[in-house]
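Below: one structure, written as structure tokens.
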Amino acid sequence: MRSREIVLKLVGVCRTTKLLTQLHSLTIRTGLRYDTHLAAKLTELYFELLPVQTARKLFDEIPHPSVFTCNRVLQSFCRKKRYEQALSLFSPLFSFEKPDHFTLLFTLKACSALKWLNFGKAIHGLGKKHGNIHSNMFLGSGLIEMYSKCGNMDDALSIFEEYSNPDLVLWTTLVTGYEKNFKPDEALAVFTGMVMAHCIIPDPITLVTVVSACTQLLNLKAGKSVHALVFRMGYESPLPLSNALLNLYAKTGSTFYAGNLFRVMEEKDVISWSCMISCCAHNDAIDRAIRLFDEMIDKGVEPNSVSLISALQACEACCNLDKGRQIHEVALQNGLELDILVSTALIDMYMSCCSPWEAITVFDRMPSKDPVSWFALLCGCVQNGMANKSMQIFCDMIASDIQPDATVMVKILGACSELGVLQLTSCLHNYVIRGGFISNSFVGASLIDCYAKCGCLEEAIKVFESLTDKDVVVWSSMFAGYGIHGQARESIKLFHRMVTDSTVWPNKVTFLSILAACSHAGFVEEGIEFFNIMLNEYQLMPESKHYAIAVDLLGRTGELDKAMCLINQMPSQVGAHVWGALLGACRIHQNAEIGEVAARNLLQLDPDHAGYYILLSNMYADGGKWDDAAELRGSIKERELKKITGQSVVRL
DNA sequence: TTAGGGTTAG
């Protein structure tokens with residue numbers, strides 16, 4: 001074998017710097033350094049195995065590096081996704097040699113990946129200077145991709161239009177550009193033009209992008225026609241295309257089609273499983289989502305963050321703490337527990353499953369936190385009634401330089417209203433003003449609610465009057481504020497002001513606030529009138545909460561039959577608070593007959609609620625039915641139920 | 001030596 005072939009073979013297997021140094025010396029000694037092919041391979045190795053500076057030095061020693069050699073260096077860096085290094089070598093590599101089409105193509109790849117538009121434009125200019133871009137479709141697709149990835153679809157389209165006979169790849173690059181730039185309508189229009197006007201047959205790569213565009217549009221019909229096209233074309237749908245279709249069905253809530261496709265897929269990867277789990281978790285097939293996750297693990301498919309997150313969401317939806325803990329264990333085993341997305345999903349799951357301290361432990365273990373993870377922690381604590389802890393988290397969050405947004409402010413004001421501490425409300429009020437949140441109507445409404453619940457109605461009114469753009473949320477919170485303070489008259493007056501002085505249209509929450517105000521102040525007639533206004537004048541269907549207040553109002557005047565009649569007319573399921581209101585009224589008016597109906601319904605809805613048993617037993621006692629009362633008290637003991645006792649706090 | 005894509009997401 002000639003020495004050239006031997007050296008080439010050695011270069012092919014060289015993986016160590018020691019051998020590389022020997023080969024380098026050998027090529028110098030044998031004069032093989034002038035061999036273009038060998039020089040290219042060797043240069044690739046310099047940049048692969050040695051520090052960049054050393055590699056550059058050795059490269060500089062090559063007497064006449066060919067364009068081919070320089071291109072190989074660029075290509076090698078692009079393959080390893082070291083794009084910045086590739087671009088930093090562009091000038092040194094091509095200081096003597098003129099770049100060719102290959103050079104431009106590799107460079108454009110790096111520009112696309114880095115989204116370096118100016119560099120990309122310079123390469124475009126260079127291509128034009130060297131002439132015949134139009135004869136080279138490789139360069140065309142590179143340029144379209146570069147402009148697309150930099151978000152410049154107008155320029156991408158201009159490049160495309162320079163080609164009189166674009167091939168499938170050029171068309172696909174343009175379709176993909178539109179899809180990736182969230183212009184799915186344009187993507188589908190270009191695709192349709194390609195198929196209909198230019199009779200170009202798409203391949204699976206084109207179809208993946210087209211399905212993604214349909215998914216963005218939530219256009220199930222168009223997506224299904226692509227699926228039909230795949231069938232008609234007669235080829236087996238490749239995995240990425242099947243996954244794209246699964247994703248379409250998942251996002252459009254088509255669990256049936258997703259399940260059918262998933263069942264017939266011969267090859268499935270973690271993405272297919274993730275799509276299917278996510279589809280079930282988000283479309284009321286919670287148990288199936290959990291079963292799929294277990295099946296995936298049983299089959300030895302390694303979970304990724306997405307499959308874990310979807311499975312955790314399923315646990316969250318059905319409050320399955322045990323399963324959530326098991327999935328946490330799987331995340332730990334796969335080294336994904338501290339992935340920021342997985343950790344946050346764990347926090348959400350633990351918070352929703354009423355285990356806030358486990359959520360807090362996960363948060364404390366996270367090596368880095370972002371605004372979303374802070375938000376999950378804060379909201380979870382508020383949701384779990386940990387108002388003091390929420391306040392502490394809010395302070396820690398600010399100390400960690402995480403800027404709260406309006407939603408966080410609404411949550412923290414909610415916690416503050418629970419604490420009912422006026423000084424805290426004043427501090428948050430200042431923060432709201434300094435942070436520019438006051439223009440947000442939800443924040444404004446929360447602040448009104450907060451002041452009202454802290455017992456400071458005057459401040460609530462001041463905030464209300466200072467808001468220039470009052471929407472229905474703001475008005476409703478002020479009605480409720482008056483209601484909390486027993487000022488139903490003011491609440492009603494303000495309602496009339498809203499109707500006459502503004503264009504704001506009341507909603508169901510508005511009426512809930514007014515009805516609550518009437519109930520609180522004992523304004524029975526007015527309350528019933530508002531219930532009828534809501535239904536007849538504003539055509540708003542009352543919900544269970546509205547019915548509960550109406551029943552309470554009728555109950556106050558002893559009109560228990562009317563209340564019962566109203567309940568029987570309810571179009572939706574009768575909630576616990578409706579029966580609760582009726583039971584309370586029955587006790588006052590000593591109507592054991594209706595009271596028993598109410599209590600039995602209540603206990604059916606919530607058999608572990610000790611308070612309902614006690615109410616009913618008191619009612620029996622009031623009516624002298626001591627045996628019945630004793631029986632109920634007995635069942636409280638038997639079930640080991642305890643009434644949650646009220647607590648008072650005095651803050652000095 | 002060249003080109004178009006990949007689904008999932010707190």
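Each chain gets a letter, A, B and so on, in the order its sequence line appears, and its residues count up from 1. Note: hydrogens, waters and symmetry copies are ignored here, and every other heavy atom, side chains too, is used.
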Using a 4.0 Å heavy-atom cut-off, does A:S307 contact any base of the nucleic acid, only the sugar-phosphate backbone, or nothing at all? nothing

Please say which of A:Y163, A:F191, A:F160 ends up in a ring pair (Phe, Tyr, Trp, His ring centres under 6.0 Å) with A:W171. A:F160

Look at the side-chain N and O atoms of A:S305 and state whether any lies under 4.0 Å from the OP1 or OP2 oxygen of B:dG10. no

How would you label the contact of A:D348 with the nucleic acid (heavy atoms, under 4.0 Å): base, sugar-phosphate, or nothing? sugar-phosphate

Closest nucleotide among B:dG4, B:dT7, B:dT1 to the A:S212 side chain: B:dT7

Contact class for A:I340 (heavy atom, under 4.0 Å): base, sugar-phosphate, or nothing? base

Here the distance between atom P of B:dG4 and atom CE of A:M194, to the nearest Å, is 16 Å

Is there a stack between A:F102 and B:dT2, judged by ring centres under 5.5 Å and planes under 30°? no

Does A:K251 reach a base, just sugar-phosphate, or nothing at all? Heavy atoms under 4.0 Å. sugar-phosphate

Proximity of A:W374 and A:F363 rings by center, below 6.0 Å: yes

Nearest whole angstrom, please: distance from the C1' of B:dT1 to the NZ of A:K109. 14 Å

A:H101 NE2 to B:dT2 P: how many Å, rounded? 16 Å

Compute whether any side-chain donor of one residue and acceptor of the other, for A:N181 and A:N152, lie under 3.5 angstrom apart. no

Under 4.0 angstrom, heavy atoms only, what part of the nucleic acid is A:N304 near: base, sugar-phosphate, or nothing? base

Under 4.0 Å, counting only non-hydrogen atoms across every strand here, what does A:F375 touch: a base, just sugar-phosphate, or nothing? nothing

At 4.0 Å (heavy atoms only), tell me whether A:S141 reaches a base, stays on the sugar-phosphate, or touches nothing. base

Report yes if a side-chain nitrogen or oxygen of A:R79 is closer than 4.0 Å to either non-bridging phosphate oxygen (OP1 or OP2) of B:dT2; otherwise report no. yes

Starting the side chain at C-beta, find the nucleotide from B:dT7, B:dG10, B:dA3 nearest to A:I271. B:dT7

Salt bridge or not between A:R325 and A:E329? Use side-chain N to carboxylate O under 4.0 Å. no

For the atom pair CG (A:L104) and CE (A:M146), what is the distance rounded to the nearest 0.5 Å? 11.0 Å

State whether the distance check finds a donor on one side and an acceptor on the other, under 3.5 Å, for side chain A:N136 versus base B:dA3. no

Please report, rounded to the nearest Å, how far the P atom of B:dT2 is from the CG atom of A:D167. 17 Å

Would you indicate which nucleotide in B:dT1, B:dT7, B:dA3 comes nearest to any side-chain atom of A:F68? B:dT1

Using a heavy-atom cut-off of under 4.0 Å over every strand shown, decide if A:I205 touches base, sugar-phosphate, or nothing. base

Taking CG from A:D339 and P from B:dA9, how many angstroms apart are they, rounded to a whole number? 14 Å

Would you check if the distance from the ring center of A:W116 to the ring center of A:Y83 is below 6.0 Å? no

Polar side-chain contact A:D203-B:dG4 base: donor and acceptor under 3.5 Å: yes

Compare the minimum distances between each of B:dA9, B:dG4, B:dT7 and the side chain of A:K180, then state the nucleotide with the smallest one. B:dT7

For A:I277, which contact category applies under a 4.0 Å heavy-atom criterion: base, sugar-phosphate, or nothing? nothing

A:L105 atom CG is separated from B:dG4 atom C1', nearest whole Å, by 12 Å

Could you check whether the side chain of A:D370 and the base of B:dG10 have a donor-acceptor pair of N or O atoms closer than 3.5 Å, going by distance alone? yes

What is the distance from CD1 of A:I200 to P of B:dG4, rounded to the nearest Å? 17 Å

Do A:T206 side-chain and B:dG4 base share a donor-acceptor contact under 3.5 Å? yes

When the ring planes of A:Y249 and A:Y257 are compared, do they come out parallel, tilted or perpendicular, using 30° and 60° as the limits? tilted

Is a donor-acceptor pair below 3.5 Å formed from side chain A:T172 to base B:dG4, judging by atom type as modelled? yes

Taken to the nearest whole Å, CD1/A:I309 to P/B:dT7 is 15 Å

